[in-house]
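Structure record follows, encoded as structure tokens.
All chains are named by letter (A, B, ...) in the order of the sequence lines, taking the proteins before the strands, and each is independently numbered beginning at 1.
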Amino acid sequence: MNQEDFKKWIKQVNERIQEQKEYLSELDGAIGDGDHGVNMARGFQEVVNRIETFENPDIGALLQQVAMTLIGKVGGASGPLYGTAFLKAAGVLKGVTECTQSDLILALEEGLKGIKMRGKAEVGDKTMIDVWEPLLSKWKENPETSLKELKAFTAECMEGTRHLEAKKGRAAYLGKRSIGTLDPGSVSSYILFDTLFSNLEDVAS
Amino acid sequence: MNQEDFKKWIKQVNERIQEQKEYLSELDGAIGDGDHGVNMARGFQEVVNRIETFENPDIGALLQQVAMTLIGKVGGASGPLYGTAFLKAAGVLKGVTECTQSDLILALEEGLKGIKMRGKAEVGDKTMIDVWEPLLSKWKENPETSLKELKAFTAECMEGTRHLEAKKGRAAYLGKRSIGTLDPGSVSSYILFDTLFSNLEDVAS
Amino acid sequence: MKKVINDPNGVVSEMLEGMVLAYPEKLRQLEGTTVLVRKDAPVTGKVAIVSGGGSGHEPSHAGYVGRGMLDAAVAGEVFTSPTPDQVYEAIKAVDSGAGVLLIIKNYTGDVMNFEMAAEMAEAEGIKVAKVIVNDDVAVENSTYTTGRRGIAGTVFVHKIAGAKAEKGASLEEVEAVANKVITRVKSMGIALSPCTVPAVRKPGFEMADDEMEIGMGIHGEPGTERTKMKTSREIAELLVEKVLAELEFTNGEEAAVLINGLGATPLMELYIFNKDVAELLKQKGVKVYKTFIGEYMTSIEMAGLSLSILKLDEELINLLDMPVDVVGW
Amino acid sequence: MKKVINDPNGVVSEMLEGMVLAYPEKLRQLEGTTVLVRKDAPVTGKVAIVSGGGSGHEPSHAGYVGRGMLDAAVAGEVFTSPTPDQVYEAIKAVDSGAGVLLIIKNYTGDVMNFEMAAEMAEAEGIKVAKVIVNDDVAVENSTYTTGRRGIAGTVFVHKIAGAKAEKGASLEEVEAVANKVITRVKSMGIALSPCTVPAVRKPGFEMADDEMEIGMGIHGEPGTERTKMKTSREIAELLVEKVLAELEFTNGEEAAVLINGLGATPLMELYIFNKDVAELLKQKGVKVYKTFIGEYMTSIEMAGLSLSILKLDEELINLLDMPVDVVGW
Ligand SMILES: Nc1ncnc2c1ncn2[C@@H]1O[C@H](COP(=O)(O)OP(=O)(O)O)[C@@H](O)[C@H]1O
Ligand SMILES: Nc1ncnc2c1ncn2[C@@H]1O[C@H](COP(=O)(O)OP(=O)(O)O)[C@@H](O)[C@H]1O
Ligand SMILES: [Mg+2]
Ligand SMILES: [Mg+2]
Ligand SMILES: [Mg+2]
Ligand SMILES: [Mg+2]
């Protein structure tokens with residue numbers, strides 16, 4: 001993937017976030033404060049506005065800009081978390097203009113570490129980590145996994161948050177009442193990865 | 001009518017006010033502040049509680065107590081108005097133990113004067129006066145009018161307030177929007193007179 | 001009806017009790033009445049000020065009882081003028097011999113009940129003066145009708161007459177400054193939702209999701225007109241125009257602006273509305289001396305707001321700025 | 001959604017503008033930010049205090065900016081923590097060299113964004129301390145989870161830390177007294193209706209006419225439990241018990257009580273509720289030093305209330321009683 005592919009991916013993420021804005025907010029309304037869709041839509045729209053004119057082929061530089069925009073525009077819990085994730089990934093891809101699958105996995109793993117460092121949550125706490133962590137371990141351990149399979153697994157991870165009781169983030173205050181609803185951040189993370197895998201399909205074909 | 005008949009009348013007025021409490025408040029809700037039923041019900045209930053033990057055969061004394069209770073318990077516009085009406089009527093019937101029809105008309109006329117003095121309204125302003133004034137003039141001019149006819153005329157006067165634009169009281173602020181609803185005070189005055197005429201029928205028979 | 005109450009018929013007495021329990025250093029209840037007086041009433045040598053009306057307008061009126069404002073507030077049932085005996089008790093309790101000013105909002109009921117109380121007090125030899133507040137420009141002025149209602153602008157009368165009395169002015173002087181405020185303050189309100197009198201248990205009227213009432217009173221009574229919901233800017237244009245039409249600002253006279261929430265409207269909306277009002281006033285060359293935003297004269301839990309503008313002069317500015325020790329200012 | 005607004009996505013900036021227009025002698029907006037600072041910031045030699053969070057809690061937080069309380073308030077989007085760059089601008093603008101205390105409510109988003117800002121400021125050589133308020137006893141305390149939320153009790157932290165800083169205390173001392181308040185203040189709330197984030201245009205959840213939520217936060221998030229509507233007395237029993245379970249009053253220690261309206265609940269109901277709370281506290285032998293009733297930390301137009309109790313000592317009493325010059329206290 002080159003800088004153009006990354007740009008395309010980010011734009012597609014934005015499109016899907018805009019489409020799913022109400023759905024994400026509705027999920028957050030059920031177990032949080034109802035703003036996740038609005039937050040993500042505000043942030044990614046601004047990201048897309050800014051990268052439009054981004055010319056530097058350095059993928060790390062691009063992701064660094066994405067990160068700073070998310071940090072400065074999303075707010076809430078998801079802003080620093082996604083922001084930190086992109087920031088850490090950018091560090092890995094600094095100076096890289098053509099990113100291989102293993103570069104990508106490495107960068108995303110750094111991103112996950114950033115999320116965990118910032119938010120101090122673990123797998124099972126009903127957060128976006130419940131998508132990131134199992135997905136990235138699976139991908140790393142089996143780099144040959146088909147994109148189709150990865151997509152299905154991402155969806156599975158997202159679905160898996162439904163029966164969890166939230167331990168971190170706003171939903172944690174609901175205790176057992178948080179069970180039965182998908183974690184909104186896991187849904188936005190699903191969108192991120194699902195779109196990534198679609199893009200990799202395109203790049204491959 | 002003796003003191004017992006007056007007591008009976010007042011008790012029956014109270015019964016009907018309690019029955020019609022919500023209706024009176026609803027009318028007041030449409031063009032005023034929605035409390036006329038509550039106000040009248042509170043006041044007349046207290047009146048009945050107090051006259052229960054009233055022994056003095058002096059009708060004026062009885063009405064004086066009714067007046068003071070209404071003044072002290074109803075509040076709003078209707079409290080001072082009905083209170084003043086009863087107070088003035090009480091003045092006419094001071095020392096009277098057996099009240100003739102002409103005594104009664106005289107007392108009610110004084111009551112009407114009290115209402116007009118206190119509230120400074122006139123016929124046509126969409127207030128209780130639109131029942132009191134035409135009814136009492138008719139009765140005074142034709143003392144032979146049958147009770148049945150008087151009852152029908154009272155209802156007519158009350159109905160007549162529907163098409164009027166309010167000029168006094170809270171409904172006045174609605175201007176033309178006050179047209180189309182009965183004046184709540186006219187409905188409570190209708191109850192007062194309709195019950196009086198039923199009582200006179202009983203006394204006569 | 002969903003309210004944090006116990007007995008729908010006991011709200012007034014429980015509320016007064018709750019206030020006295022909260023502010024025992026400021027307020028005292030006259031036993032057996034619905035009257036709250038300044039803890040230190042009667043204040044020797046000072047003209048006393050009594051106001052009141054139906055309940056449901058909190059913090060009006062008891063929230064303005066204290067040094068620099070009212071000496072007593074008389075609470076009626078919800079939206080129902082208090083009865084003359086209650087007002088009479090208030091007058092007796094606060095008079096120190098210097099006389100008592102009654103500040104009455106122009107509603108038939110309030111006027112009649114306070115007048116009857118004044119007659120009773122005068123019969124006892126107490127000097128009583130009355131002023132009648134009629135700041136609501138939503139209704140046309142007419143001597144043929146009841147005239148205009150008193151709404152949120154009344155709190156400026158409380159504040160300024162209260163300051164004047166605190167400074168030791170005579171009853172005539174306090175009455176005069178109260179009347180001065182009354183001629184110089186104009187108000188108008190709008191509502192987005194009705195309110196529910198606890199004893200009635202349902203709202204006074206219904207309102208669709210895209211409708212608003214213009215020219216709202218403060219008793220849950222309908223306004224003068226119903227329209228489609230407007231933006232803050234449009235509402236500001238409407239109210240500023242109506243209010244300013246009756247106030248001429250010349251020679252750099254300054255204004256006090258009161259943006260009053262009716263109960264359910266959050267401060268966020270009042271602040272946004274103030275932005276629009278302030279911009280319009282600036283455009284029209286009206287200089288704002290001071291802005292007050294919050295709940296001053298409410299209609300239980302009605303959503304909506306009113307705008308009041310008071311045209312100031314030096315005397316009024318000084319009195320407006322005098323310190324007060326009350327709950328609601 | 002029926003609100004007095006213009007653009008649902010522009011409420012925060014219009015609101016801040018409206019506040020500055022209303023209180024130009026108190027507040028100043030940092031250009032290009034959503035930060036309001038004391039007019040005279042930075043105050044030479046004084047430790048500065050910065051707080052903030054999502055908008056929708058008005059008068060929190062900008063309503064507490066001024067002499068004796070906060071030096072800056074950072075406003076996020078409605079119910080959304082402000083971003084680190086905004087908090088960083090606030091820190092820079094108010095620091096006079098004596099250091100800056102950040103008062104943060106315990107929400108993942110607030111904590112992370114304020115922490116990132118603190119890291120940025122420290123990298124610039126500014127001394128920064130942080131305290132995290134977690135007064136809401138509705139949620140069980142647990143180190144395994146996020147811990148408890150910060151709700152209305154936060155305003156006591158603002159007030160008391162603000163007074164301490166105003167008196168010239170060092171950053172360490174101000175931080176210490178803030179933490180002292182945090183360990184001694186406990187709160188819990190209930191809600192009768194949901195609220196609507198303007199940009200979302202519909203309520204976060206639904207609620208039947210006879211239902212209430214117990215253990216409500218201040219972001220329109222559901223409470224910990226839903227029950228049938230209760231009376232004021234029953235609610236008071238519930239909240240007083242839960243709050244007192246975590247505060248031991250010994251040796252005649254006194255309490256400050258805050259009865260905070262969430263937005264749509266009228267003062268009438270808060271006063272009635274206070275009657276019940278005051279009676280229960282008396283029964284339990286807790287002496288109330290001072291009661292605060294009104295809207296201090298709201299959830300836009302949500303109906304409901306919270307109870308906060310702060311266990312006082314002499315130091316806290318003195319600081320609580322110090323004068324302030326802010327809009328919301
Ligand atoms: N400590 C945390 N670690 C990882 N993810 C978290 C954490 N806290 C919250 N999240 C994620 O953030 C999402 C909520 O984001 P958002 O609604 O935008 O912020 P807020 O909760 O501040 O309103 C949750 O659904 C969850 O996936
Ligand atoms: N000036 C007046 N003269 C005569 N009757 C009046 C006057 N003002 C109001 N009323 C009567 O009082 C009724 C309203 O009474 P009520 O609702 O109890 O008092 P309020 O208007 O103070 O709420 C009106 O329907 C009208 O008949
Ligand atoms: Mg959220
Ligand atoms: Mg009425
Ligand atoms: Mg009334
Ligand atoms: Mg949020």
Side-chain angles (χ1 to χ4, degrees), chain A residues 21-22 24-43 45-46 68-84 87 114-115 117-122 124-127 165-178 181 185, chain D residues 8-9 34 53-56 75-86 88 106-117 136 138-140 142 144-149 194-206 213 215-226 299:
Chain A
K21 176 171 145 179
E22 297 208 349
L24 290 169
S25 287
E26 239 163 61
L27 289 174
D28 195 31
I31 58 170
D33 59 351
D35 61 356
H36 188 57
V38 178
N39 292 346
M40 294 296 286
R42 183 177 54 242
Q45 188 56 55
E46 185 66 18
M68 292 317 290
T69 310
L70 290 177
I71 290 173
K73 278 287 157 182
V74 177
S78 45
L81 290 168
Y82 280 119
T84 305
L87 203 62
I115 293 174
M117 177 270 292
R118 193 46 76 202
K120 302 184 183 72
E122 293 296 333
D125 287 353
K126 193 170 185 135
T127 70
E165 181 180 337
K167 299 287 180 201
K168 287 281 152 65
R170 241 180 248 289
Y173 306 120
L174 279 182
K176 298 233 176 296
R177 280 179 90 186
S178 65
T181 304
Chain D
N9 294 307
T34 55
S55 293
E77 287 297 318
V78 178
F79 292 165
T80 300
S81 323
T83 54
D85 49 316
Q86 301 286 314
Y88 173 57
N106 191 29
Y107 296 99
T108 314
D110 286 40
V111 173
M112 292 190 298
N113 285 289
F114 276 78
E115 263 175 5
M116 287 169 83
D136 186 358
V139 187
E140 280 316 306
S142 151
Y144 176 50
T145 66
T146 307
R148 286 173 162 169
R149 297 179 284 215
C195 58
T196 300
V197 174
V200 176
R201 288 161 204 257
K202 55 184 181 202
F205 55 90
E206 311 245 306
E213 286 274 334
M216 201 62 204
I218 52 170
H219 299 87
E221 66 271 49
T224 51
E225 196 191 329
R226 184 168 293 195
S299 287

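A distance of 13.5 Å separates CE in Met216(D) from OH in Tyr173(A), rounded to the nearest 0.5 Å. To the nearest 0.5 Å, atom OG1 of residue Thr108(D) and atom NZ of residue Lys168(A) are 8.5 Å apart. Taking OG1 of Thr84(A) as the reference point, atom CE of Met116(D) lies at 4.0 Å (rounded to 0.5 Å). Considering CE of Met112(D) and CD1 of Ile71(A), their distance stands at 10.5 Å, rounded to 0.5 Å.
The side-chain heavy atoms of Asp85(D) and Met68(A), taken from C-beta on, include no pair separated by under 4.5 Å.
The most heavy-atom pairs under 4.5 Å with chain A, out of Gly76(D), Pro194(D), Pro203(D), Gly109(D), come from Gly109(D). Across Gly37(A), Ala166(A), Gly75(A), the residue that shares the most heavy-atom pairs under 4.5 angstrom with chain D is Gly75(A). Among the candidates Gln86(D), Glu115(D), Lys202(D), Glu77(D), the residue making the largest number of heavy-atom pairs closer than 4.5 Å to chain A is Glu77(D). Interface summary for chain D: among Arg42(A), Glu122(A), Lys73(A), Lys176(A), the most heavy-atom pairs under 4.5 angstrom belong to Arg42(A). For the set Gly34(A), Gly76(A), Gly72(A), the entry with the most heavy-atom pairs within less than 4.5 Å of chain D is Gly76(A).
Asn39(A) places no side-chain N or O within donor-acceptor distance of the main-chain N or O of Thr80(D), the cut-off being under 3.5 Å.
A salt bridge is defined here as a Lys NZ or Arg NE, NH1 or NH2 lying under 4.0 Å from an Asp or Glu carboxylate O, and Arg177(A) with Glu225(D) fails to meet this definition.
Looking at Val111(D), there are no atoms closer than 4.5 Å to chain A (heavy atoms on both sides), in backbone or side chain. The contact between Glu213(D) and chain A is made entirely by side chain atoms (from C-beta outward), counting heavy-atom distances below 4.5 Å.
Residues passing the side-chain contact (heavy atoms from CB on, under 4.5 Å) test with Arg201(D), sequence neighbours excluded: Met1(D), Pro8(D). Residues passing the salt bridge (charged side-chain N to carboxylate O under 4.0 Å, His left out) test with Arg170(A) are Asp33(A), sequence neighbours excluded.
Around atom CD of Gln45(A), more than 12 heavy atoms belonging to other residues, nucleotides or ligands sit under 6.0 Å away.
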